[in-house]
Amino acid sequence: MTSSIAITLPDGSVREFDRPVTGAEIAASIGQRLAKDALAVKIDGTVKDLTTTVTSNVRIEIVTRNHPDALEVIRHDAAHVLAEAVQELYPGTQVTIGPAIANGFYYDFARDEPFTPDDLAKIEAKMREIVQRDAPLVREEWTRDDAVAYFKTHGEHFKAELVEAIPADQAISVYRQGDWLDLCRGPHAPSTGKVGTAFKLMKVAGAYWRGDSRNPMLQRIYGTAWRDEKELKAYLTMLEEAEKRDHRRLGKEMDLFHVQEEAVGSVFWHPKGWTLYRTIETYIRTRLEQAGYVEVKTPQLIDSSLFKASGHWDMYGDNMFKVEADEGKKQLGVKPMNCPGHTQIFKSALRSYRDLPIRMAEFGSCHRNEPSGALHGIMRVRAFTQDDAHIFCTEDQVPEEAAEYFKLQLGVYKDLGFDKIDVKLALRPDVRTGSDDLWDRAEDGLRSALRSAGLEFEELPGEGAFYGPKVEFHLTDAIGRTWQCGTLQYDPNLPERLDIHYIGEDGAKHRPIMLHRAILGSLERFIGMMIEHYAGKFPLWLAPVQAVVTTITNEADGYAAEVHKILKARGIRAELDVRNEKINLKVREHSLQKVPVIVVVGRREAEERTVAMRYLGGKDQEVLALDAAVNKLTEEARSPAGDRGFDSPF
RNA sequence: GCCGCAGUAGCUCAGGGGUAGAGCAACUGAUUCGUAAUCAGUAGGUCCGGGGUUCAAAUCCCUGUUGCGGCACCA
């Protein structure tokens, strides 16, 4: 080879080399400082070791700590350092896998003794020692069989299993750091010292080998790692902030709900929490009415025969609660979903094509026997309520119905404070019912509906339900977490199973299509999410207590009671606080309770028939004439759907 | 369901073989005050349930249960 190699740098400049060069050499040719700071090299978009030799014309970027891809390298290195530390401290522990993940890294170990929190501190100290040693991370290529033999003789049976799964003729890479080595694809920084000091071990947890619950359970150690101490600290602060807005904590502090042993997985809604719940339910009900839905209510307990016909008994029976009735002669199921019930209402009369579409909604109370380990606050429960509906329509009506639904849904999310929404279309899974032709039509129907609604969406092949494709809506909350809430599922299957039909224009029977759809999903889960999204500081229209009228001295008690009465009469959820306490204390307490508006009255206000209003989070107050204040609050407290809401139970 | 950790006053938590502690809240009294904690006093406990070890168990062991963190699950 006599021709030279042209390396294009990010700034567009080109460097010529007359022989193959490594990433490290390229970095050195640019500058000494860069060579020292380099962690890896990105070649044509792929991050590689600095020792990688470049033999052709490519674009390269030198990955330093500030490069967007640096964190992944640092975290992956940290995982290796963690594994070395554990094996130094606890000989006989087997290593398995340890990738970089969002915000950090983990490593899964096989060891009989559990790791304790004390162990974590020791391991972290050992990691710092290894980082200080700054041993070079050296890549070696082995044959697969050599690697298998090596790991087997070293008692690393999990590693051996991993390597054995690789084709025999494929070379595999291992990385050596000092006396320690690990099977790994890489890339890695040139030495362990590059991990730096901004890392911390976070927790130990169980994790199944290869993510399969039939396999043995390993011990996973999680850590976080960042470019520098400042980033680490910011991350830890963010975690603390997230903890402060945890719905379980706020639910208790704000007296919204509780859960207890005797009713695991079910929510005890307290007056304020139930006020919030009903406000949201009323809002949704109004939106549904405006969108042409009819509301129904279907039974909790239904004979097993219906669930057998619908397929739930066989397919989802493990997750259903079942009860005996009539001295064991009957077996009933507690409904886990509302669709079988809705089909029965559809079937209760002869339907004409003129009746379609029928949009049948229900605040459907469902029970699912979730695994105990899945329960979480009010987000994952065994008894919950869906804002569910089924649209019975013809195949031709699907695109328009779907598009209308998307519009409704996005409007609801916006009203409830969510602006960033990702839409995904889950397509046919490998195991499915129905012909390919039917699937083509179903998927195309949803696709065109998404397009006509002007929505950008990502397609997820293989993720659909067995009976049909579905559209998923993922919301991003105030601290950047995403939640899958609403769905629209296309189901040509259930109408078939339960034999429902309508009479077409041609006088013959036809199967309708069922669109299953939920905007919030579970009310419980959505409210939990909203509590965290708003950190308990709800907008006025949602706040369980919208205003507290409170006094400076007892001399204003009479006037305060009058103001309170007027607010209540105008539909404001207001409380009256005439305790003989300092105004500082009362403002503090109601602020901590996250009441949006504190209406303060003293002798002056009573004389002038004014009020001093203080908004949550604000430092100042606004003195207004009573009438003006009442009008202002009434205006601001209006539901975006235009419903009046309802009065507080207080 | 699986692995680990935890359950002490209404709440947040300390105590870890020798008769149960704090702060806040509650209650009583005083204080009538201008926008995020007024002062004083009083009362409050099956230390998660059951079993065991021990002269003695909140504390150690076993078991159950619930919660927490993950994993698996989320139709």
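These values consider heavy atoms only, across backbone and side chains, with no hydrogens, waters or symmetry-generated copies. Given the structure is predicted, the values throughout are model-derived calculations rather than measurements. Lettering of chains follows the sequences in order, A, B, ..., and the numbering in each one begins at 1.
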Using the C1' atom as the reference point in each nucleotide, state the distance between B/rC55 and B/rU19 in Å, no decimals.
-> 15 Å
With sequence neighbours left out, the residues meeting ring pair (Phe, Tyr, Trp, His ring centres under 6.0 Å) with A/Y413 are none
Which part of the nucleic acid, if any, lies within contact of A/K582, taking any heavy atom under 4.0 Å across all strands shown: a base, the sugar-phosphate backbone alone, or nothing?
-> base
Residues two or more places apart in sequence or in another chain: which of them pass salt bridge (charged side-chain N to carboxylate O under 4.0 Å, His left out) with A/R249?
-> A/E253
Looking at every strand, decide which applies to A/A207 at a 4.0 Å heavy-atom threshold: base, sugar-phosphate, or nothing.
-> sugar-phosphate
Is A/L585 touching bases, backbone alone, or none of the nucleic acid, heavy atoms closer than 4.0 Å?
-> sugar-phosphate
Sticking with atom C1', work out how far B/rU66 lies from B/rU31, rounded to a whole angstrom.
-> 45 Å
Reckon A/N319 touches a base, only the sugar-phosphate, or nothing at all at heavy-atom distances under 4.0 Å?
-> base
Inter-residue atom distance A/T482.OG1 - A/Q484.CD, 0.5 Å rounding = 9.5 Å
Taking the C1' atom of each, how far is B/rA40 from B/rG50, in whole Å?
-> 45 Å
Counting any heavy atom closer than 4.0 Å, what does A/V264 reach on the DNA or RNA strands: base, sugar-phosphate only, or nothing?
-> sugar-phosphate
B/rG69 -> Watson-Crick or G-U wobble partner, both distances under 3.5 Å, gives B/rC3
Looking at every strand, decide which applies to A/E581 at a 4.0 Å heavy-atom threshold: base, sugar-phosphate, or nothing.
-> base
Other residues, nucleotides, ligands: >12 heavy atoms within 6.0 Å of A/K537 NZ = no
Would you mind classifying the nucleic acid contact of A/L592 as base, sugar-phosphate or nothing, using non-hydrogen atoms under 4.0 angstrom?
-> base
B/rU38 - base-pair partner by Watson-Crick or wobble geometry, distances under 3.5 Å = B/rA30
5'-most to 3'-most nt of RNA chain B touching chain A (<4.0 Å, heavy-atom partner on protein side) reads B/rG1 to B/rA75
In whole Å, what separates the C1' atom of B/rA14 from that of B/rC71?
-> 33 Å
Residues which pass side chain to side chain donor-acceptor pair (under 3.5 Å) with A/T553, listed by chain and number, not counting sequence neighbours | none
Looking across every strand, which nucleic acid part, if any, lies under 4.0 Å from A/N584 by heavy atom: base, sugar-phosphate, or nothing?
-> sugar-phosphate
Are A/E622 and A/K632 within salt-bridge range, i.e. N to O under 4.0 Å?
-> yes
Set of residues satisfying salt bridge (charged side-chain N to carboxylate O under 4.0 Å, His left out) with respect to A/R368, sequence neighbours excluded | none
Would you indicate what A/T553 reaches in the nucleic acid, counting non-hydrogen atoms under 4.0 angstrom: base, sugar-phosphate, or nothing?
-> base
What does B/rG21 pair with, Watson-Crick or G-U, if both distances are under 3.5 Å?
-> B/rC13
Calculate, to the nearest 0.5 Å, the distance between atoms CD1 and CZ belonging to A/I280 and A/F526 respectively.
-> 7.5 Å
Using the P atom in both, what is the distance from B/rG1 to B/rU63, to the nearest Å?
-> 16 Å
Residues that A/R525 engages under salt bridge (charged side-chain N to carboxylate O under 4.0 Å, His left out), provided they are two or more places apart = none
Between A/R517 and A/D388, is there a side-chain N and carboxylate O pair less than 4.0 Å apart?
-> no
Give A/M315 one of three labels, base, sugar-phosphate or nothing, depending on what nucleic acid heavy atoms sit under 4.0 Å from its own.
-> nothing
Under a 4.0 Å heavy-atom cutoff, the residues of residues 94-112 of chain A touching RNA chain B are none
Which residue, A/R588 or A/K203, contacts RNA chain B at a nucleotide closer to its 5' end, judged by nearest heavy atom?
-> A/R588
How far, in whole Å, is B/rA6 from B/rU42 if one measures between their P atoms?
-> 37 Å
Solution key, residues 599-607 of chain A side-chain donor-acceptor pairs under 3.5 Å, sequence neighbours excluded:
from   : atom 1 : to     : atom 2 : distance (Å)
A/R603 : NE     : A/E555 : OE1    : 3.2
A/R603 : NH2    : A/E555 : OE2    : 3.3
A/E605 : OE1    : A/G602 : N      : 2.8

With both distances under 3.5 angstrom, what nucleotide forms a Watson-Crick or G-U wobble pair with B/rG49?
-> B/rU63
A/F346: ring pair (Phe, Tyr, Trp, His ring centres under 6.0 Å) partners, not counting sequence neighbours | A/F392
Select base, sugar-phosphate, or nothing to describe what A/R614 touches, counting heavy atoms under 4.0 Å on all strands.
-> base
Counting any heavy atom closer than 4.0 Å, what does A/E605 reach on the DNA or RNA strands: base, sugar-phosphate only, or nothing?
-> base
Could you give the distance separating B/rA9 and B/rG23 at their P atoms, to the nearest angstrom?
-> 16 Å
Which whole number of Å gives the distance between the C1' atom of B/rA26 and that of B/rG17?
-> 34 Å
Reckon A/K586 touches a base, only the sugar-phosphate, or nothing at all at heavy-atom distances under 4.0 Å?
-> nothing
On RNA chain B, more 5' by nearest nucleotide between A/N369 and A/Y222 is A/Y222
Which part of the nucleic acid does A/P371 contact within heavy-atom distance under 4.0 Å: base, sugar-phosphate only, or nothing?
-> base
